[in-house]
Amino acid sequence: MLERMNTDSSTRITSGPGKLAKAMGIDRKLDGDKLTMNKIWIEDEGIKIKRSDIISGPRIGIDYAGKEHYFPGDLLFGKISG
C-alpha cells in the first residue's frame with residue numbers, strides 16, 4: 001500500500017476513506033460489484049477493537065460541504081488488541 005501511494009508514511013495513506021481505498025487498490029472499476037464476487041472481500045481475523053478506542057469526529061476534507069461537514073462520519077481507531 002505504501003508503494004502504491006508512493007510514500008513511507010502509513011498516516012498519509014489512512015487519513016481519509018478515499019486515500020485508504022486508493023492505497024488498497026480499490027478504484028471505480030469495482031463500482032457495483034458485490035462482496036460475493038471474489039474480487040474484493042472482508043476478512044475476519046479476530047481483531048477486537050474496544051468501543052472506547054473508536055473516536056468519531058467531523059468529516060475530514062469536505063469543508064466545502066457546509067453543515068454536513070459537522071456530521072459524524074470519520075472514525076479514528078486507537079489501540080487494537082487481538
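Between Thr7 and Leu2 the shortest side-chain heavy-atom distance falls below 4.5 Å. Between Ile13 and Met5 the shortest side-chain heavy-atom distance falls below 4.5 Å.
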Donor-acceptor pairs are to be reported for all side-chain atoms of residues 39-47 against protein atoms at under 3.5 Å, with residues two or more places apart or in another chain.
residue	atom	partner	partner atom	Å
Lys39	NZ	Asp33	OD2	3.2
Trp41	NE1	Glu43	OE2	2.7
Asp44	OD1	Gly46	N	2.8

Which donor-acceptor pairs under 3.5 Å do side chains of residues 22-30 form with protein atoms, sequence neighbours excluded?
residue	atom	partner	partner atom	Å
Asp27	OD1	Lys29	N	3.0
Arg28	NE	Asp31	OD2	2.7
Arg28	NH2	Asp31	OD2	3.0

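In this structure, Arg51 has no salt bridge (Lys or Arg N to Asp or Glu O under 4.0 Å) partners at least two apart in sequence or on a different chain.
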